[in-house]
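Positions are given from 1, in the same order as the sequence printed here. Counting convention: from 1, in listed order, for ligands and their atoms alike.
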Amino acid sequence: MKIRNIDFNNNLILAPMAGVSDVGFRDVCSFLGADATYSEMLSCRAMLHNPKKTSLMTITSENEKIKIGQIFGHEPEIMAKAINSPFLSKYQIIDINMGCPAPKIVKNGEGSALMKNIKLASEIIKTCVKFSNLPVTVKFRLGFDKDISTDFGRMCEESGVSAVTLHARTSVQGYSGCADYDAIAKLKQTLNIPVIGNGDVKDIESYKKMLLTGVDAVMIGRGAQGRPWIFSEFLNKPLLETKFNIIKRHVEILKRFYDDKWLTLYLRKHFLWYAAGEYNASDVKVKLATSCSIDKSLELLEKLFKK
Ligand SMILES: Cc1cc2nc3c(=O)[nH]c(=O)nc-3n(C[C@H](O)[C@H](O)[C@H](O)COP(=O)(O)O)c2cc1C
């Protein structure tokens, strides 16, 4: 895939996941093959008024290949200012979030709420395209409560975006039901810009099914939680490191930026996901869920992965 002048290599992309796709996780997914990685969603207002928060959220790793900064907001004038913020200077592509279903985002008229306000969505896109030197893309869902993905995608293209990503569920669906791959195929046939397909890719079968839609690239979210090596699996590449060393690397990178107290709680979910993929992990999972020491958790995981 090519987004304006940016060449992708294997077209496998790690999804933006707020509270999950931290710099350590993005690093290991890149090391294991992900072609492109997204920041967690960044508030345009916070970018202008809360630099401390944004600064932590925009830490990147030198191992990330194509870096995409994802922004959200509902005020074109604020977004026009934010889009040239120094915080975004490390990214090669700017993505606008028009798919987030979280109530506090929707309440503000942001994320997936913009799929109910196509006029404002188009104004936001046109403004961002006009004021950004970088390619602008949009990630959206099928619609807010019904499938309008083809019309919405057409609007995105006409408003000047360089590519779109479709997570093929409605906002109201949240994460329930199955992603609608027929809708992704239809969008791909409709648009002339690259289309990235997203939703429920978690193994080789679902990956192949997604490729049959004709998409230009495939985005993986929950399928990579606790399994960053999913990228190597899809690329049919052997792991050059043990899985435990990969987990350690994820943790070591985070330790450079965050204090132990915060990290101990934050890492629990990642540790539980790592353990979940292993055979006979139930006892270890109980211990990990209450562990107050990163080193102890790592010891438990080391034993589990050696079994
Ligand atoms: C914990 C979590 C956080 C997410 N945060 C974001 C986000 O910040 N921006 C975004 O566009 N999508 C976000 N998503 C949606 C994912 O990017 C993706 O569209 C969705 O999980 C479907 O893909 P999957 O089936 O491969 O997980 C999030 C999903 C999860 C599970």
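- Protein residues with a heavy atom under 4.0 Å from ligand 1 are A15, P16, M17, A18, V20, M41, Q70, N97, K139, H167, Y175, N198, G199, D200, I220, G221, R222.
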Donor-acceptor pairs under 3.5 angstrom involving side-chain atoms of residues 220-232: please list them, not counting sequence neighbours.
unit_1 : atom_1 : unit_2 : atom_2 : d
R222   : NH2    : D200   : OD1    : 3.2
R227   : NH1    : K202   : O      : 3.3
R227   : NH1    : G223   : O      : 3.4
R227   : NH2    : K202   : O      : 2.9
S232   : OG     : L32    : O      : 2.9

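- Scanning for side chain to side chain donor-acceptor pair (under 3.5 Å) contacts around T150 gives an empty result, with sequence neighbours left out.
- Ion pairing between a basic and an acidic side chain is recognised when a charged N comes within 4.0 Å of a carboxylate O; D95 and K139 show no such pairing.
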Check residues 99-111 and write down every donor-acceptor pair under 3.5 Å in which the side-chain atom is one partner and the other belongs to a residue at least two apart or another chain.
unit_1 : atom_1 : unit_2 : atom_2 : d
E110   : OE2    : H74    : ND1    : 2.9

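- A distance below 6.0 Å separates the ring centres of F25 and H270.
- F31 carries R249 over the face of its six-membered ring, with the cationic atom under 6.0 Å from the centre and within 45° of the normal.
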